[in-house]
J.: 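Mind looking over this structure? Questions follow.
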Amino acid sequence: MPINLMLEERILIFAPHGRDADVISQTLNKAALNCQVCVDYSSLLEQLGRGAAAALITEEALADADFTQLHRWVEHQESWSDFPFVILSTRQRGQERNPVLNVLERLVNMILLERPVNAETLLRASISALRARRRQYLSRSHLQERARSEEHLRLALHAGRLGSWSMELASSVLLVSDTCKQHFGIAVDSDFTFDDMVQTIHTDDRRRHMEVINAALHSKEDFTIEYQVVWPDQSTHWVQVRGQSMHNESGTPVRMAGISLDISERREAENRLLESQSTLQQFNETLELRIQERTSELALANDRLMKEMAERERTQIALMQAQKMEAVGRLTGGIAHDFNNLLNVVIGNVDLIERLSEDERIKRMAGSARNATKRGAKLTGQLLAFSRNQTLDLKPVDLEAVIEGMRDLIAVSVGSTVQLSIDVQAALPRAFADPNQVEMAILNLAINARDAMPEGGNLHIEVRHREALDGVLKNGPYVVIAVKDSGSGMTQEVLGKVFDPFFTTKAVGKGTGLGLSQVYGIADQSGGLARIDSAIGKGTTVEVWLPVTTAPLAAERAQKAGDSPLMAKESGNILVIEDDPQVRQFIVECLEILGYTVDQAENGWFGLEKLQNAGFDLLIVDFLMPGMNGAEVIGAARERWPHLPIIIATGYADMQAVEKVIDLKAVLRKPFQISELADSVRRAMEDGAQKRVLADHKV
């Protein structure tokens, strides 16, 4: 608030009786003192609030005054102010002092003048009160200047992020600013003692801190120290503390004070700078070496680029070859699928002739025809396997019988310049694998061995029962097929790639690079492993590890099923959906012979329409049909009739789409015999009956 000197230099006069106010005012005006006459008590209080240097009041003016407001004004004076009141009292001889004066003396800074008082005394008392008030104004100025200085210092400390501190040495009482507390990780509303400060200093720096403090106390010089502090959250920060000690007249240190600064960022910057300088120095020292290394790296990169270009060219050629093989595969798959349907009709009717004929000669002829069709079915299965990436049909396999059955095929495939020998361990346990895929794997390995021996050599196929104990495979028994050749062998670099798809060492057009990767995939999907061992000039050995199973052979089950007589008449209403009319007619006739009531449809739409209009106990559907395939028919049927038993009859090798809609136990593979059809139908209807019972029980 700005200062009004006219108001602050006034002397207020409160003498409401007679001519006292005029006389006092004239006396003071002669000495050039600024006077202000107050007509009543409320006017006096108002003028005190506006500002004045002193008040001159007659005793009788306060006779009926309420000192409450006056006391409140006095109590609210600032610390520098002690307003002087000059009281003119009148005491008659023999009378006691007016009690009002006793009350007023306790409330205010009172100067008492007894009347009669001459003009000179009145003037001197007024000037003395004014001089005392001016000294108070001077104290106010000093306090204001000090406050401004402290505010400037506070702003400067805040702008510089500096904290202030001071400590009384005798009592170790530490006074710190809020910023200083923050430097040590302490909340501003928390206590912070000297012991607390020492505890925050990192243990590595405490001793050095005390040494600097002690030296500063004895030398009387300023000190600066930087040390690490550990905050309550265990983070480490750097603080710089500057200070000086203050001594008494005898030279004894009594107090220390100074500032603090968080220098963590500066320290980090210095460390980064040192690291950069060190890195730059190391870089300069090794510049020539780095240039040589970079040149070498560029040369290596150029070599890799050339190799990648050659590899890309080889990959493009392999891709073209793969696309050609894919096209051949699709054509082969289509032919094999249609031929499979024809075989299904032939083998089914031959089976019926063999079972229904009483003529032994005809039965023998039918048996021969059946064996021939089985070989044809096996061929179509291999063609389908070649044409598609299929899910393996894993079952117990007699590897001795498999290898013995393909001995002639292997001998013809490797040629007369290769000496073939086969050694199968006696009493060999059954392997869990896909027999068709095992044959394909062995044939691929034999052909690869032949190509590795262009001038001829020895090919040895060995089958043994072994235990896996190396931790790569699950511990347990395995049947191991080892194909060994005496060829040129491979380098370690080539060995690391032989199982990669499309990798081949043969010339363009001489191989697809799929043989060994297919062998590896067959072993892996069977739960086993493929391994290769080779060295230049020492030939190559490829081992196919297949897990052992104790389940009966698939051939034994098929033989039992094929040799069993026709079962007793069955009952049930069956719908057959098959696009091939001959296959459809064969299935219908077989089911009718077995005693079932059969309806048929030539495609999926007609079949679903018949399901809608009539109740059936079983649905038999082909997979590969134009328009709507078997999987789509099954999906639509499941939505309306969730408990309807379904069999999917297919010779299609890719079972991934089939597995999404139906259990593989409900798949009847083409070509099939009437006994296999009867067994599948009976099993499906029994499973369907159990599911309906469970569903009714839940309801």
Side-chain angles (χ1 to χ4, degrees), residues 311 314-315 318-319 321-322 325-326 329 381-382 384-395 397 399 402-403 406 410 413-414 431-452 459-464 466-485 487 489-506 510-535 539-549 653-656:
E311 181 67 17
R314 188 193 67 80
T315 302
L319 178 60
Q321 180 71 7
M325 296 301 294
E326 175 67 15
Q382 291 174 335
L384 284 170
F386 167 75
S387 64
R388 301 187 184 276
N389 182 13
Q390 64 173 349
T391 300
L392 299 187
D393 181 17
L394 300 177
K395 62 184 67 175
V397 179
L399 289 180
V402 169
I403 294 176
M406 60 183 306
I410 297 174
S413 299
V414 299
F432 189 62
D434 184 325
N436 290 332
Q437 296 297 321
V438 170
E439 289 182 0
M440 184 177 296
I442 294 173
L443 188 59
N444 275 335
L445 294 176
I447 293 174
N448 278 351
R450 178 203 65 189
D451 294 341
L459 173 62
H460 180 64
I461 300 176
E462 181 180 279
V463 185
R464 291 288 185 269
R466 293 167 61 180
E467 293 285 334
L469 299 174
D470 57 1
V472 178
L473 280 172
K474 181 180 179 182
N475 291 347
Y478 289 82
V479 177
V480 182
I481 305 171
V483 179
K484 306 177 182 179
D485 67 61
M490 306 179 196
T491 64
Q492 292 300 315
E493 181 182 1
V494 172
L495 278 177
K497 302 177 182 179
V498 291
F499 290 130
D500 294 346
F502 304 112
F503 177 79
T504 180
T505 58
K506 299 176 183 179
K510 298 296 184 180
T512 63
L514 296 174
L516 286 176
S517 64
Q518 188 176 25
V519 171
Y520 184 88
I522 292 170
D524 182 64
Q525 291 184 64
S526 301
L529 186 69
R531 290 172 171 165
I532 186 168
D533 181 32
S534 183
T540 301
T541 299
V542 180
E543 292 181 347
V544 179
W545 291 63
L546 301 173
V548 167
T549 180
D654 188 352
M655 301 304 293
Q656 294 179 358

J.: Can you give me the closest heavy-atom contact between Glu543 and Arg466, atom names plus distance?
T.: OE2-NH1, 3.2 Å
J.: Taking the side chain as every heavy atom from C-beta outward, state whether Val438 and Leu546 have any atom pair closer than 4.5 Å.
T.: yes
J.: Do Val519 and Asn448 touch side chain to side chain, with heavy atoms closer than 4.5 Å?
T.: no
J.: Nearest 0.5 angstrom please: Glu439 CD to Leu399 CG, how far?
T.: 10.0 Å
J.: Output the distance between atom CE (Met490) and atom OG1 (Thr540), rounded to the nearest 0.5 Å.
T.: 4.0 Å
J.: Where is the tightest heavy-atom contact between Ile447 and Ser413, given as atom of each residue plus distance?
T.: CG1-CB, 4.3 Å
J.: In Å, rounded to the nearest 0.5 Å, how long is the span from CD of Gln525 to OH of Tyr520?
T.: 11.5 Å
J.: Test of understanding: with side-chain hydrogen bond (donor to acceptor under 3.5 Å, both in side chains), list the residues that count as partners of Thr549, not counting sequence neighbours.
T.: none
J.: For Ala441 versus Ile522, what's the shortest heavy-atom pair and its separation?
T.: CB-CD1, 4.0 Å
J.: Give me the atom names and distance for the closest heavy-atom approach of Ser526 to Pro547.
T.: O-CG, 3.1 Å
J.: Apply the side chain to side chain contact (heavy atoms under 4.5 Å, CB included) test between Thr541 and each candidate in Lys484, His460, Arg531; give the one that qualifies.
T.: Lys484
J.: If I take atom CD1 from residue Ile461 and atom CD1 from residue Ile481, how far apart are they, to the nearest 0.5 angstrom?
T.: 9.0 Å
J.: How long is the straight-line distance from CD1 of Ile403 back to CD of Glu462, given to the nearest 0.5 Å?
T.: 10.5 Å
J.: Mind listing the closest non-hydrogen atom pair of Ala523 and Ala530 along with its distance?
T.: CB-N, 3.9 Å
J.: Quick one: CH2 on Trp545 to CG on Leu473, what's the gap to the nearest 0.5 Å?
T.: 7.0 Å
J.: What heavy-atom pair brings Lys474 and Ala468 nearest, and what distance separates the two atoms?
T.: O-CB, 3.9 Å
